[in-house]
Each structure stands twice: as structure tokens, then as C-alpha cells.
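See structure below.
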Amino acid sequence: TQRADTITNTTTTPGTTTTNQGRRRTHSHDEGYDKIASNMDRFVAMLLLLGVLVTLILMILALFAVAPVMCSCLLSLIYTVYLFMAYEESGVHHAQEFENRFWTIFALLLSTALFFARDSPLAFGRDNPSTGFVGVVIASYVMHLWDRHTHRLALSRQTKLRRSSSFAHGSNTQNVPAEKQLERIEECLRDIDQLLIPSTINNFINERFVLRNEREILNIFLDCDAVALNHLVNHVKLGLLIYKIKDHHNFAGQHRTQLIQLLAVDRLPALTVISRVIVLHALQMLKLRAN
């Protein structure tokens with residue numbers, strides 16, 4: 001019996017070895033096929049990318065041959081947008097007002113190139129300069145309003161945070177005074193935030209009116225108690241409020257700085273954790289510099 005088992009083992013061992021070697025060869029063959037397929041995919045992708053680049057270069061050269069002035073203006077503006085988006089540490093990103101002015105000037109230059117370039121398909125401004133000038137002004141103003149509108153929507157979006165039960169219970173005890181203060185702040189904000197007039201022009205035309213409303217908002221936040229302060233922070237559009245209150249350098253009214261100092265430093269101990277998060281979120285949305 002032992003001899004039979006030995007014979008059986010010796011007869012089955014070569015077959016098992018052959019099977020394992022076949023599996024290893026199949027596995028190595030599959031790995032080699034995968035590497036070849038991967039290299040082929042990369043090669044095809046590089047060919048497609050090269051074809052797209054060559055086609056793009058040929059199109060640009062063809063457009064330059066047909067409309068050199070217009071193409072030069074468009075490429076310059078595209079490069080300017082690239083620099084604007086690539087370098088977020090530049091000064092134009094330090095405040096939303098600067099970004100709004102950038103897009104307004106960009107629309108002005110683009111519409112000027114479209115309406116007055118001699119090889120532009122929309123060069124009606126060369127035959128009728130008045131109409132072209134009006135078109136440039138309208139295009140710039142529309143871009144200015146659109147950028148303000150999108151930014152206003154972003155700042156008006158409030159955080160979805162649940163208030164603690166203790167704060168909700170405390171706010172009910174003084175609901176009427178806090179609600180009146182909230183209504184007054186929203187009324188002052190509507191008076192400051194003119195939808196069709198830029199803030200710079202509105203502050204210059206209605207100087208005393210704007211300053212009076214901003215001071216009233218500051219006084220409300222300064223004079224209210226802790227419960228009312230947390231109620232105001234949790235219900236007002238804080239990001240939009242801080243954005244619309246400006247630092248008037250010409251009139252010695254640093255109202256935005258005073259409001260941030262009031263909420264983030266002076267009355268910070270009176271704020272709950274939820275209120276502190278809301279204040280921090282509002283400051284982050286404004287793209288304000290740390291200093």
C-alpha cells in the first residue's frame with residue numbers, strides 16, 4: 001500500500017506542476033496584455049490631444065488671417081481671464097467689489113472690440129458711433145448687474161444650522177423687541193441696497209442717507225442684549241449686511257470695520273456657538289483679508 005501511494009504521488013506531482021506553470025504563464029500573459037492595452041490607450045489619448053491642439057492652432061491662424069484685430073483682442077482678454085483665475089492671491093481677489101469691477105471692465109473691453117474693431121462681424125459702431133457707445137455702456141452695465149445679482153444671492157443664502165433648545169427658549173422671552181429690531185435692520189438694508197444703482201454711486205449721491213442707516217444698524221447691534229443679539233445674527237442676512245455696509249474712506253466712516261470688530265471681537269463672548277459659526281461663515285463668503 002505504501003508503494004502504491006508513493007507511485008500515485010509521483011505520478012500526480014508532474015501534472016500538478018504542469019498545471020501551475022500553465023496558470024503562471026496565463027497570468028503573466030494577461031499582465032502583459034494589460035500593459036500593452038494601457039500603453040495603447042495612452043498613445044491614442046496623446047494622438048487625440050495632439051490632433052485637438054493642431055486643429056485649434058490651425059483655427060486660430062485661420063481666424064487671424066481673416067480678422068487679425070479681433071482675434072488679438074480676444075486672445076488678450078482670454079489671457080487676462082486666465083491670469084485672473086490662476087492667481088487668487090492677487091489684489092483683485094481681496095474684495096468682492098474689486099472682482100465686480102474686473103468683470104465690468106472685461107465686459108467693456110470685449111464689447112468695445114466687438115462693436116468697433118474693423119474686422120469684427122458686429123462692428124456697427126464704426127458706422128454709427130453713438131449706437132456703438134450705447135451698446136458698450138449697456139453691455140458693461142448688464143455684466144455689472146449680473147455679477148452683483150449672483151453675489152447677492154450667494155450672500156443671502158443662510159446656513160442651515162439648528163438652534164439649540166436653550167437659545168430657542170431664551171429667544172421666546174424677548175421675541176417682540178428682537179423682531180422689531182430685526183425688521184428695522186432689514187428696512188435699513190433695503191434702503192442701502194439699491195438693485196439698479198452701484199453702491200459707489202449710491203454712496204456718493206445719498207451720502208447722509210446711507211451713513212445714517214449704517215449707523216442705525218451699528219447701534220442696534222451695539223445696544224441689544226445677548227439674547228436679542230443671537231436672535232439677530234441667526235435671522236438676518238449677515239453676509240449681505242456686512243457686504244453692503246462700506247468703509248467710507250472719504251467720509252471717515254469705517255462702518256464695515258466697526259461692524260466686524262463689534263461681532264467678531266467686542267461682543268464675541270455674548271454669541272453662542274451657532275452664532276459664532278454664522279459670523280465666521282459670513283466673513284469667509286466676503287473674501288476679506290485677514291489683516
Side-chain angles (χ1 to χ4, degrees), residues 52-53 55-88 90-157 189-207 209-210 237 239-240 243-251 285-287:
V52 171
L53 291 177
T55 304
L56 182 61
I57 293 174
L58 292 177
M59 291 179 60
I60 293 175
L61 292 177
L63 290 175
F64 262 102
V66 176
V69 177
M70 187 64 196
C71 290
S72 300
C73 295
L74 290 179
L75 287 180
S76 300
L77 292 175
I78 292 173
Y79 182 69
T80 303
V81 173
Y82 164 75
L83 295 177
F84 174 79
M85 299 178 66
Y87 297 94
E88 295 185 356
S90 62
V92 73
H93 294 286
H94 289 171
Q96 177 61 29
E97 294 90 341
F98 302 157
E99 294 185 356
N100 181 264
R101 293 167 189 170
F102 170 82
W103 289 115
T104 303
I105 296 174
F106 175 82
L108 186 144
L109 296 176
L110 179 60
S111 58
T112 302
L114 288 174
F115 300 156
F116 288 96
R118 59 180 178 82
D119 50 9
S120 173
L122 301 177
F124 59 86
R126 296 180 62 86
D127 298 330
N128 194 343
S130 300
T131 306
F133 176 77
V134 173
V136 169
V137 173
I138 292 176
S140 305
Y141 186 65
V142 169
M143 173 60 74
H144 174 79
L145 292 181
W146 179 79
D147 184 72
R148 288 185 63 201
H149 175 70
T150 55
H151 189 61
R152 184 184 291 106
L153 292 179
L155 292 178
S156 301
R157 193 179 303 114
L189 180 60
R190 286 192 298 268
D191 293 336
I192 296 173
D193 185 18
Q194 300 293 329
L195 297 179
L196 300 179
I197 303 177
S199 299
T200 304
I201 299 177
N202 184 41
N203 295 337
F204 181 79
I205 297 176
N206 302 316
E207 170 192 344
F209 178 75
V210 172
K237 298 176 182 178
L240 182 63
Y243 173 65
K244 287 301 175 182
I245 294 181
K246 308 295 184 180
D247 282 341
H248 305 276
H249 302 283
N250 296 331
F251 311 121
M285 288 191 301
L286 290 177
K287 302 178 181 179

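One-based numbering along the sequence shown.
The side chain to side chain contact (heavy atoms under 4.5 Å, CB included) test applied to Asp119 returns Ala67, Pro68, Val69, Met70, Ala117, not counting sequence neighbours. With sequence neighbours excluded, the residues that form a ring pair (Phe, Tyr, Trp, His ring centres under 6.0 Å) with Phe115 are Phe124. Residues satisfying the ring pair (Phe, Tyr, Trp, His ring centres under 6.0 Å) test with Phe98, not counting sequence neighbours, are none.
Considering CG of Asn100 and NE2 of His151, their distance stands at 9.0 Å, rounded to 0.5 Å. If you take CG on Leu109 and CG on Leu114, they are separated by 11.0 Å, rounding to the nearest 0.5 Å. Distance check, rounded to the nearest 0.5 Å: CG of Leu58 to CG of Leu53 gives 11.0 Å.
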Ignoring hydrogens and angles, write down the donor-acceptor pairs under 3.5 Å from the side chains of residues 132-143, residues two or more places apart or on other chains.
{"from": "Ser140", "atom 1": "OG", "to": "Leu108", "atom 2": "N", "distance (Å)": "3.4"}
{"from": "Ser140", "atom 1": "OG", "to": "Val136", "atom 2": "O", "distance (Å)": "2.9"}
{"from": "Tyr141", "atom 1": "OH", "to": "Leu196", "atom 2": "O", "distance (Å)": "2.1"}

Give the table of side-chain donor-acceptor pairs shorter than 3.5 Å for residues 73-82, with sequence neighbours excluded, one pair per line with atom names and distance.
{"from": "Ser76", "atom 1": "OG", "to": "Ser72", "atom 2": "O", "distance (Å)": "2.8"}
{"from": "Thr80", "atom 1": "OG1", "to": "Ser76", "atom 2": "O", "distance (Å)": "2.8"}

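No side-chain heavy atom of Trp146 sits under 4.5 Å from any side-chain heavy atom of Trp103.
Among pairs with a residue in residues 130-152, those fulfilling salt bridge (charged side-chain N to carboxylate O under 4.0 Å, His left out) read Arg148-Asp193, Arg152-Asp193, at least two apart in sequence or across chains. Evaluation of the side-chain hydrogen bond (donor to acceptor under 3.5 Å, both in side chains) test over residues 123-138, restricted to residues two or more places apart or in two chains, returns Asn128-Thr131.
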